[in-house]
Amino acid sequence: MLCQGIKFLTLTAAQQQQTQQRGMATLKSISIRLKSVKNIQKITQSMKMVSAAKYNRAERDLKQAKPLGQGSKIFYEQAEVTPVEGDTNKLMVAVTSDRGLCGAVHTGISRNIRDTLLANASERENTKIVCIGEKSRAILQRLFAKNILFVATEVGRKPPTFNDAAKITIELMNSGYSFGSGKIIFNRFRSVVSYVIDELPLYSKQSVTSASKISLYDSLDNDVIQSYLEFSLASMLFYSMKEGACSEQSSRMTAMDNASKNAGEMIDSLTLTFNRTRQAVITRELIEIISGAAALE
Amino acid sequence: MLRWRQAGLNYINYSQISAKLVRHALKADLQADAEKRDQTNVKFVQWKDGKPLSK
């Protein structure tokens with residue numbers, strides 16, 4: 001049975017070679033290739049259109065979310081909050097999404113975390129990672145599987161809402177992990193063609209209450225600080241997710257635009273070879289006929 | 001101590017409930033739009049010792 005199969009295979013392979021030498025099969029294979037490249041181009045073009053629409057919305061949303069994140073950041077800067085000494089527990093939140101095909105958006109974030117953790121062995125021991133989106137999970141689990149606290153999935157299909165950020169915050173607070181300081185690492189959107197990796201600081205309640213310039217802020221009691229920290233964590237997450245979503249869509253737009261362009265170039269060169277081969281086949285057949293006729297005379 | 005915190009809520013829960021109430025108070029045509037902002041899609045997978053805990 002197996003022997004027969006092999007025999008059959010070698011037979012067909014030989015046949016194929018024969019037909020290929022005659023130039024008929026290459027014509028067919030080129031046209032199949034051409035068709036598949038055309039289909040790919042259609043897909044990348046429509047993906048570009050979709051992400052362009054999503055990008056427009058994401059940029060609009062981002063404008064509204066900006067004050068939320070910036071406000072919290074400025075609070076930490078003004079109060080000159082520094083992490084409490086002795087508390088070495090750290091947290092890193094990687095803001096990515098589930099979806100690929102958008103250039104180096106997700107790898108940039110993961111590489112940033114990888115570099116900081118690889119540079120310092122003690123940080124590697126004491127840092128926990130929260131992955132927002134499957135993409136950062138897929139990259140970071142290879143090196144730092146033990147550091148991952150939890151993974152938030154189903155991110156990126158729809159624009160992030162504040163409730164999403166609130167849910168992540170609640171999950172983080174319920175995880176029971178107490179950190180002295182931390183970072184949210186995300187892609188900050190700069191323009192349609194550029195984004196930079198940026199980070200927002202996270203601090204524990206203790207470090208906020210012992211901050212040197214906390215007296216700048218009036219009427220702060222324990223409850224207010226506690227509530228504000230909870231809210232600022234959620235709002236910074238929300239802001240960074242919005243920035244991330246916007247950069248992701250814009251980057252996907254450029255990536256898909258390039259892909260369509262490359263597919264177009266491929267189609268051009270394939271059409272050229274296709275026409276050439278077809279012409280060659282016709283010419284050869286004509287020669288065969290003419291020489292056949294000449295032989296009969 | 002605030003009442004809602006005594007009841008075991010944190011500020012996020014508290015603000016989520018408040019937001020829900022405000023959305024309910026909107027007029028019907030605006031409410032449909034506001035309901036959309038109320039959705040969540042995020043799901044969580046907990047990890048322990050380098051492996052995801054299966055649900």
Side-chain angles (χ1 to χ4, degrees), chain A residues 57 61 64-65 97-98 128-134 137 140-177 221-235 237-238 241, chain B:
Chain A
R57 210 192 137 184
D61 286 355
Q64 293 173 337
S97 85
D98 286 1
K128 285 276 182 198
I129 303 171
V130 170
C131 296
I132 300 175
E134 290 278 0
R137 196 262 311 159
L140 290 171
Q141 76 170 2
R142 261 179 284 158
L143 280 169
F144 312 111
K146 287 210 159 66
N147 300 55
I148 294 178
L149 190 62
F150 64 83
V151 179
T153 58
E154 302 280 313
V155 184
R157 210 151 43 83
K158 283 183 187 159
T161 60
F162 192 83
N163 271 1
D164 285 335
K167 248 180 148 182
I168 295 170
T169 316
I170 290 172
E171 193 74 18
L172 186 58
M173 288 191 292
N174 289 346
S175 69
Y177 178 69
D221 55 25
N222 217 5
D223 260 339
V224 173
I225 291 179
Q226 174 82 35
S227 300
Y228 181 71
L229 277 181
E230 286 164 0
F231 176 71
S232 77
L233 179 55
S235 54
L237 270 175
F238 176 64
M241 280 164 86
Chain B
M1 198 78 174
L2 294 158
R3 281 257 172 82
W4 45 266
R5 199 178 284 285
Q6 265 172 337
L9 293 176
N10 53 39
Y11 186 77
I12 310 263
N13 301 125
Y14 171 71
S15 63
Q16 270 179 329
I17 294 166
S18 324
K20 201 167 258 178
L21 286 175
V22 173
R23 286 193 185 108
H24 270 290
L26 285 169
K27 281 184 182 166
D29 51 331
L30 295 169
Q31 197 169 354
D33 209 29
E35 293 292 333
K36 269 185 214 152
R37 289 191 287 266
D38 198 26
Q39 290 167 346
T40 47
N41 321 307
V42 189
K43 291 194 177 72
F44 296 99
V45 182
Q46 296 290 335
W47 280 56
K48 209 177 177 208
D49 302 326
K51 279 193 188 68
L53 298 175
S54 49
K55 281 158 255 173

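Here is the naming used below: chain letters follow the sequence lines, and residue numbers restart at 1 for every chain.
Only the side chain of A/T169 comes within contact range of chain B, judged by heavy atoms closer than 4.5 Å. With a threshold of 4.5 angstrom between heavy atoms, B/Q16 approaches chain A through side-chain atoms but not through N, CA, C or O.
We find that B/R5 and A/E230 are joined by a salt bridge, their nearest charged nitrogen and carboxylate oxygen being less than 4.0 Å apart.
For the atom pair A/D164 CG and B/Q39 CD, the distance stands at 9.5 Å (nearest 0.5 Å). Rounded to the nearest 0.5 Å, atoms NZ (B/K43) and OG1 (A/T153) are 6.5 Å apart. Distance check, rounded to the nearest 0.5 Å: CG of B/N10 to CG of A/L229 gives 12.0 Å. The distance from the CG atom of A/L149 to the NZ atom of B/K48 is 11.5 Å, given to the nearest 0.5 Å.
If you tally non-hydrogen atom pairs under 4.5 Å between each of A/E171, A/K167, A/R157, A/Q226 and chain B, the highest count goes to A/E171. The choice from B/R37, B/Q46, B/K36 that makes the most heavy-atom pairs within less than 4.5 Å of chain A is B/Q46. Ranked by heavy-atom pairs under 4.5 Å with chain A, the list B/N13, B/I12, B/D49 is led by B/I12.
Annotation for B/Y14: atom OH does not count as buried by contact number, only 12 or fewer foreign heavy atoms lying within 6.0 Å.
Partner of B/F44 under the side chain to side chain contact (heavy atoms under 4.5 Å, CB included) criterion, out of A/I168, A/V151, A/I170, A/N174: A/I168 alone. For the side chain to side chain contact (heavy atoms under 4.5 Å, CB included) with B/W47, the lone residue among A/R137, A/K146, A/K128 that qualifies is A/R137.
Residues meeting the ring pair (Phe, Tyr, Trp, His ring centres under 6.0 Å) test with A/F231, sequence neighbours left out: B/Y11.
Counting heavy atoms from C-beta on, the side chains of A/E154 and B/V42 never come closer than 4.5 Å.
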